[in-house]
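Right, one structure below, let's go through it.
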Amino acid sequence: MSALRLLSSAARRAPAAFATGRRGYAEAADKLKLSLVLPHQALFTSADVVQVNIPAATGDMGILANHVASIEALRPGVVEVLDSTNTSKKWFVSSGFATVHPNNKLTINAIEAAPLEDFSAEAVRANLAEAQKVAAGNGSEEDKMEARIEADVYEALQHALGSR
Amino acid sequence: MSSATWRTVFTYNKYAQIAARALRQSLKENERVVAEKRGVTILRYQQWENGQGGQQVFLNPPEEKGKSKPAV
């Protein structure tokens, strides 16, 4: 009757599928698909993660699901992956690119990466001292530039290992 | 950072290889030995002219003395 008609029209007006496009702050219903690949090994292949922190050349960034598409060059630094159980894993990458695709996928390509436990602080310290000596010496411009690049990697490594 | 000036001297590929090499040299002993093998590249090239192959030349001459198989 009229009561029934009132009910059905009210039901039609109420948002049936509540907020399909909106996402609550507390839960991330969408997961980011991460592929972290090296030439010799694929650390992640389309794995569902919640957040990835990358050391972009323009500054550190945190990538969540549904990020705007972008391409970022990476500097030597730590990539941190947070999965749904809130555990974080860190890898130090030498350099590379992070590409956020429009369909909620993140691809990180690097030549070399290793977990922080695999590094030896002694070796880093010795290498850094040597690289700084070459960079400040009187070799060719190329040699000095090479040493400066290496020194940057070692300094970033020291920073990552120190604040582990 | 001073590291931005390498672009005048190197290509990005060279920069990436240098950074990767620096990372490999900072690993602990066991991983470092495995990783160093990844850094080795061997290239041999040969100039062809009029259907005749020229001398095969190593880009980085290997240090092994002893028998080396002839190219052709």
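Residue numbers start from 1 in every chain, and the chains themselves are labelled A, B, ... in the order their sequence lines are given, proteins ahead of strands.
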message: Can you confirm whether B:W6 sits close enough to A:R148 that some side-chain heavy atom of one is under 4.5 Å from a side-chain heavy atom of the other?
response: no

message: Between B:E31 and A:F119, is the side-chain contact (heavy atoms from CB on, under 4.5 Å) condition met? List the steps.
response: CA-CA 9 Å; B:E31 287 90 355; A:F119 289 99; over 6 Å; no

Measuring from atom [atom1] of [X] to atom [atom2] of [Y], what distance do you get when rounded to the nearest 0.5 angstrom?
| X | Y | atom1 | atom2 | result |
| --- | --- | --- | --- | --- |
| B:L27 | A:D118 | CG | CG | 6.5 Å |
| B:L23 | A:I111 | CG | CD1 | 10.5 Å |
| B:T5 | A:M145 | OG1 | CE | 3.5 Å |

statement: Greatest number of non-hydrogen atom pairs under 4.5 angstrom with chain B, of A:S95, A:G96, A:P76, A:P39, falls to A:S95

field: Engaged part of B:Q17 at the chain A interface, taking heavy atoms whose separation is under 4.5 Å
entry: both

- request: Please look at B:R24 and chain A and tell me whether the side chain, the backbone, both or neither of the residue comes under 4.5 angstrom of a heavy atom of that chain.
  value: side chain

What do you reckon, is [atom1] of [X] surrounded by more than 12 foreign heavy atoms closer than 6.0 Å?
| X | atom1 | result |
| --- | --- | --- |
| A:N103 | CG | yes |
| A:E130 | CD | no |
| A:K144 | NZ | yes |
| B:Q47 | CD | no |
| B:L43 | CG | yes |

Could you state whether [X] and [Y] fall into the same hydrophobic cluster, counting links through intermediate Ile, Leu, Val, Met, Phe, Trp or Tyr residues with side-chain heavy atoms under 4.5 angstrom apart?
| X | Y | result |
| --- | --- | --- |
| A:V52 | A:V78 | no |
| A:V50 | A:V79 | no |
| A:V134 | A:V153 | no |
| A:F44 | A:L64 | no |

message: With a 4.0 Å cut-off on N to O distance, would you call B:R21 and A:E112 a salt bridge?
response: no

- prompt: Is A:E122 salt-bridged to B:K28, going by a charged N under 4.0 Å from an acidic O?
  reply: no

query: So, B:Q25 and A:Y154: side-chain donor and acceptor under 3.5 Å apart, yes or no?
result: yes

- request: Let me see the working for B:S26 and A:F92 under side-chain contact (heavy atoms from CB on, under 4.5 Å), right down to the final yes or no.
  value: CA-CA 11 Å; B:S26 310; A:F92 187 88; over 6 Å; no

field: Part of A:N127 lying under 4.5 Å from any heavy atom of chain B
entry: side chain

